[in-house]
Amino acid sequence: MKTVYTFVPSPEHVYPDHPERPGRFDLLQPKLKASGAELVEAVPATREEIAYVHHPKLISSVEQVCREEAPGIIDYAPTYVTHSSFEDALLAAGGVLTCARAVLNGDADNAFALVRPPGHHAEPERAMGFCIFNNVAIAARDALAHGMERVAIIDYDAHHGNGTQAAFLDDERVAFVSAHQWGIYPGTGWIEDGPHARKRIVNVPLPAYAGDNIYEQVAEKIFVPFIEAFKPQMIFVSVGFDAHWSDPITMLGLSTAGYLMLAKKVMALAQEYCDGRIVFVLEGGYDPANLANGAEAVFVAATGRGASEANDSNPQKEPDCASRIEEICRWHGF
Ligand SMILES: [Zn+2]
């Protein structure tokens, strides 16, 4: 199995006291070196590639704000930009494109794009939620332009992937499932968000403290029938390590073992339906140790080598979530 990865740390994309900071990657380097995966150089996305998802006016306004007004806040989350952020965002999107193309052209079996700024909150016409351009959505459209007919995106960042949902709400070539904590930023992602697209736009709003056991149920009862129904030729995973129980800005309950379980399950789905074509894309995750351990777990699942060394089981009790999962399955006919 050949796994490649891109690494886009964007050290100048930084703002005082902001959780989406270069320090998120502080403990990552040894995990990358030990991963058994091969580093490929990220190539910046072009404006035309960004426009696969985003309105040209957004692209030019982000460029102009970075040139003329940065550093500053461009959205209430708060989402910030610095003088380098436009180029950083092009390279982050390009890092995902580089990974996806390596998988598409057969240079790699699978890939992991470790990039920042993240992307899944960015909507076609606005940057938001610490995200400037929607890296995973851009790469999904690029895969469609390179011969794929159906692409699925599985998002298990702690927050709803509203930007990805907005990009594909009416694009029947892409299916999207998001499992996230209900009631936190950005407030979207309830079960009935895409009534015209049952089985294809799937939201899994979870209660606080949902952890490894609940996520395993979500994977088996929702991710599996979601992929079975859509039969994608390629899977992207928006993986955010902010669903870890000790993340500083959310209240979910995954451990590193839970992240490994999820990565193995989506890998198995890619093997069964997509000839193994899968690209993991980093979204959030605001504790450097959780991010490094979680990335190691993704590499273990992707390469089939090594072991996850973290021992960080969740000390909190998980709530009962069976009726919520049943309700979601009923709504979609899973
Ligand atoms: Zn998040």
Side-chain angles (χ1 to χ4, degrees), residues 8-10 13 15 17-25 28 74-80 89 92-93 96 112-123 126-137 153-167 176-190 193 202-212 214-215 218 236-256 258-259 262-263 266 280-295 297-298 314:
V8 179
S10 301
H13 180 69
Y15 199 79
D17 300 320
H18 198 288
E20 205 296 282
R21 65 198 195 283
R24 292 173 62 211
F25 287 4
L28 195 53
I74 58 169
D75 146 83
Y76 77 95
T79 309
Y80 65 87
V96 183
F112 189 7
L114 288 142
V115 301
R116 57 177 296 276
H120 74 152
H121 292 305
E123 296 186 345
R126 65 171 172 162
M128 64 181 275
F130 314 167
C131 302
I132 296 175
F133 300 133
N134 195 319
N135 308 318
V136 76
I153 302 171
I154 298 176
D155 184 327
Y156 49 84
D157 182 276
H159 301 91
H160 179 230
N162 62 290
T164 312
Q165 174 173 293
F176 175 65
V177 61
S178 176
H180 45 267
Q181 186 183 341
W182 179 242
I184 62 170
Y185 185 88
T188 49
W190 185 243
D193 265 16
V202 178
N203 281 298
V204 186
L206 294 171
Y209 308 112
D212 296 0
I214 288 174
Y215 274 88
V218 168
F236 287 87
V237 182
S238 272
V239 54
F241 299 110
D242 47 2
H244 191 282
W245 63 268
S246 69
D247 186 84
I249 71 171
T250 67
M251 285 197 298
L252 284 166
L254 276 174
S255 70
T256 300
Y259 275 109
L262 285 169
V266 296
F280 292 87
V281 180
L282 179 68
E283 301 289 355
Y286 302 98
D287 175 86
N290 294 344
L291 194 151
N293 290 332
V298 169
N314 182 359

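As the structure lists them, so they are numbered: ligands from 1, and atoms in each ligand from 1. All values below were derived from every heavy atom in this structure, side-chain atoms included, with hydrogens, water molecules and symmetry-related copies excluded.
For R126, the salt bridge (charged side-chain N to carboxylate O under 4.0 Å, His left out) partners are E123, not counting sequence neighbours.
The residue from H159, H160, H121, H120 that alone fulfils the ring-ring contact (aromatic ring centres under 6.0 Å, His included) condition with H180 is H160.
For H159, the N/O/S atom at the shortest distance from the Zn ion (ligand 1) is named ND1. Between the Zn ion (ligand 1) and the N, O or S atoms of D157, the shortest distance is to OD1. Counting just the N/O/S atoms of D242, the one with the shortest distance to the Zn ion (ligand 1) is named OD2.
The aromatic rings of F112 and F280 lie perpendicular to each other, with more than 60° between the two planes, well past the 30° mark. Ring planes of Y156 and Y259: tilted class, angle from 30 to 60°.
Applying the salt bridge (charged side-chain N to carboxylate O under 4.0 Å, His left out) test to every pair with at least one member in residues 241-254, sequence neighbours left out, gives no pairs at all.
Among the backbone and side-chain atoms of H120, none of the N, O or S atoms lies under 2.8 Å from the Zn ion (ligand 1). The Zn ion (ligand 1) does not have E283 among its coordinating residues (no N/O/S atom, backbone or side chain, under 2.8 Å).
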